[in-house]
Amino acid sequence: IENTMKKILVIGTYILDIVIKDQEYNIPDPDNLEIIDTCEITIGGNACNVSYNLSCLGNLVDSYGRVANDFAGQYIIRNLVEKKIGIEYVEIVNNGKTGIYIILVDEGGEKRIQQFWGENKESSFSRNIDFSQYSIVIITGLGLLPLIECELENIIWKLKQNNIIIVADNSSNVLPLVDIVNNNKMKGIDYFIPNEREVLELTGCKSIEQSIDYLLEKGILNIIVKQGKEGCYYGNKKFKIHVPAFNVNVIDTTGAGDAFVASFVHALSRGKNVDYCLRFGNAVGAECVKKIGATNDKLNKERIINNYEL
């Protein structure tokens, strides 16, 4: 039954993550070195993470983005194909470099990221797409996709013409989105999912509630604010609710926001109500932070439903 449902298209950034976990970071002296506790190489980037998690949860998924034909790009493509994620719309460039993140994770699980955009900055909405395949399109990594951001208003129009639910998520770099929001160029997005810091920076408001009201005025239909260990806050023109997080031991917060987006959309694609979608998003986000890295190939939907009493 699950495989008869329409697919989900995920547009955004595709990155190779180098995750370094250590209790403290010291920059080595010249011609010297520092020993670190843990280092992992994983696939990353908003679209990559969301696609991977959706596939683990049982959705049929296609990816849309751009990588280079180098080690990092080949590693990403291999992992997507292994998860049966469609790569027809992933452009593979022979002369270029795939995006890379160096992620420093402290003992409390909080992350700091050094970022190389690579081919992501050249990703554009230029390929012919058969939209009849899709029920939902997720646009991720906004703030890091300048060519797609220039086309965003037109992209939204095309998707609305095809009766597709539009979900949007931004990167931590929200400055490029300020004018886009102010000029109503995100009007028509069904669900917009920033985190608390990002939404306050994006809107210039002093509270989550004010930020939600501002974004609703700009034509976005539903706003979900991710709050980390505090859970999430949802609002539309009818009501606002806060949904608390689940208490877990945090190892690494990398990818938790993407896990939330993927699981929220998965529940939405299965016809669940908003309250359930938010709680399911919090549960999968909690699972994500219990290990190192942004993706989780051991993600088990039934176990999550049982463990978190959903």
Side-chain angles (χ1 to χ4, degrees), residues 8 10-12 46-47 49-50 53-54 135-145 148-149 152-153 155-157 159-160 164-245 256-269 272-285:
I8 296 173
V10 185
I11 301 169
N46 302 97
N49 297 338
V50 171
N53 286 321
L54 278 168
S135 59
I136 300 173
V137 170
I138 308 172
I139 307 171
T140 72
L142 290 173
L144 297 177
L145 300 165
I148 285 178
E149 288 150 27
L152 189 57
E153 195 172 19
I155 294 169
I156 294 169
W157 181 84
L159 297 177
K160 287 294 183 181
I164 292 171
I165 295 171
I166 306 169
V167 179
D169 183 23
N170 54 277
S171 71
S172 59
N173 182 34
V174 297
L175 186 59
L177 302 181
V178 172
D179 286 342
I180 292 173
V181 170
N182 288 343
N183 292 321
N184 299 316
K185 292 185 177 181
M186 291 178 70
K187 181 178 180 180
I189 287 174
D190 293 285
Y191 297 92
F192 180 46
I193 315 181
N195 69 27
E196 184 170 358
R197 177 191 63 79
E198 293 158 356
V199 80
L200 296 177
E201 287 185 13
L202 180 61
T203 63
C205 297
K206 294 183 178 180
S207 71
I208 291 174
E209 293 87 347
Q210 290 174 352
S211 296
I212 288 174
D213 288 338
Y214 180 83
L215 294 172
L216 290 171
E217 288 176 9
K218 295 299 179 180
I220 300 172
L221 303 178
N222 300 272
I223 296 94
I224 303 161
V225 180
K226 297 168 290 190
Q227 295 180 279
K229 64 183 179 180
E230 301 300 324
C232 62
Y233 200 105
Y234 170 89
N236 60 24
K237 288 192 173 180
K238 294 181 179 178
F239 68 98
K240 298 183 180 74
I241 56 170
H242 174 260
V243 180
D258 297 329
F260 178 93
V261 171
S263 47
F264 176 87
V265 170
H266 170 76
L268 188 70
S269 75
K272 301 296 186 182
N273 62 40
V274 166
D275 181 67
Y276 183 93
C277 293
L278 296 170
R279 289 188 292 115
F280 188 66
N282 281 348
V284 177

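By convention here, the first residue in the shown sequence is residue 1.
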(request) State, to 0.1 Å, how close E149 and I180 come at their nearest heavy-atom pair, and which atoms those are. (result) CB-CD1, 3.7 Å
(message) Do I148 and I155 make a side-chain contact, defined as non-hydrogen atoms from C-beta onward lying under 4.5 Å apart?
(response) yes
(message) Checking the side chain of H266 only, and the main-chain atoms of F280 only, is there a donor and an acceptor separated by less than 3.5 Å?
(response) no
(request) Can you see which heavy atom on A259 is nearest to which on G285, and at what distance? (result) CB-CA, 4.2 Å
(request) To the nearest 0.5 angstrom, please state how far the CG atom of L144 sits from the OG atom of S172. (result) 6.5 Å
(message) Is it the case that the side chain of N46 and the backbone of D169 share a donor-acceptor pair, with hydrogens and angles ignored and the cut-off at 3.5 Å?
(response) no
(request) Indicate whether the side chain of Y214 and that of N182 have a donor and an acceptor atom separated by less than 3.5 Å. (result) yes
(request) Determine yes or no for a side-chain-to-main-chain donor-acceptor pair under 3.5 angstrom, with N173 supplying the side chain and G143 the backbone. (result) yes
(request) Flag yes if more than 12 heavy atoms outside K187 fall under 6.0 Å of its NZ atom; otherwise flag no. (result) no
(message) Taking the side chain as everything from C-beta on, heavy atoms only, tell me whether V50 gets closer than 4.5 Å to I8.
(response) no
(message) Within the 4.5 Å heavy-atom criterion, are N53 and S263 side-chain neighbours or not?
(response) no
(request) Indicate whether the side chain of N195 and that of E198 have a donor and an acceptor atom separated by less than 3.5 Å. (result) yes
(message) Against D179, only a single residue in V181, N183, L177, L175 fulfils side chain to side chain contact (heavy atoms under 4.5 Å, CB included); can you say which?
(response) N183
(message) How long is the straight-line distance from NZ of K272 back to CG of L278, given to the nearest 0.5 Å?
(response) 14.0 Å
(request) To the nearest 0.5 Å, tell me how far E217 CD sits from T203 OG1. (result) 11.0 Å
(message) Could you measure the distance from the CZ atom of F264 to the OH atom of Y276? Nearest 0.5 Å is fine.
(response) 13.0 Å
(message) Minimum heavy-atom separation for L221 and K160, please, with both atom names.
(response) CD1-NZ, 4.3 Å
(request) Compare all side-chain heavy atoms of V225 with those of S211 and state whether any distance is below 4.5 angstrom. (result) no
(request) Could you pull out the closest heavy-atom pair between K240 and G235, with the gap in Å? (result) CG-CA, 3.9 Å
(request) Could you tell me the separation between the CD1 atom of I220 and the CD1 atom of I212, rounded to the nearest 0.5 Å? (result) 11.0 Å
(message) Measuring only between side-chain heavy atoms, which start at C-beta, is I165 closer than 4.5 Å to Y191?
(response) yes
(request) Step by step, work out the salt bridge (charged side-chain N to carboxylate O under 4.0 Å, His left out) result for D258 and K226. (result) CA-CA 10 Å; D258 297 329; K226 297 168 290 190; 5.6 Å; no
(request) Side-chain contact test, heavy atoms from C-beta onward, threshold under 4.5 Å: evaluate it for F192 versus I224 and give yes or no. (result) no
(message) If you count heavy atoms of other groups shown closer than 6.0 angstrom to NZ of K229, is the number above 12?
(response) no
(message) I'd like to know if the side chain of S171 reaches the main chain of L142, judged simply by a donor and an acceptor atom lying under 3.5 Å from each other, with no hydrogens or angles considered.
(response) yes
(request) Examine distances only and state if a side-chain atom of T140 and a backbone atom of I11 form a donor-acceptor pair shorter than 3.5 Å. (result) yes
(request) For the residue pair I223 and I193, establish whether any side-chain heavy-atom pair is separated by less than 4.5 Å. (result) no
(message) Just verifying a value: how many Å separate Q210 CD and I208 CD1, rounded to the nearest 0.5 Å?
(response) 11.0 Å
(message) Is it the case that the side chain of R279 and the backbone of V274 share a donor-acceptor pair, with hydrogens and angles ignored and the cut-off at 3.5 Å?
(response) no
(request) Given side chain to side chain contact (heavy atoms under 4.5 Å, CB included), test Y233 with E196 step by step and report yes or no. (result) CA-CA 9 Å; Y233 200 105; E196 184 170 358; over 6 Å; no
(request) State, to 0.1 Å, how close I139 and L152 come at their nearest heavy-atom pair, and which atoms those are. (result) CD1-CD1, 4.0 Å
(request) Return the minimal non-hydrogen interatomic distance between C232 and N282, and the atom names on each side. (result) SG-OD1, 3.7 Å
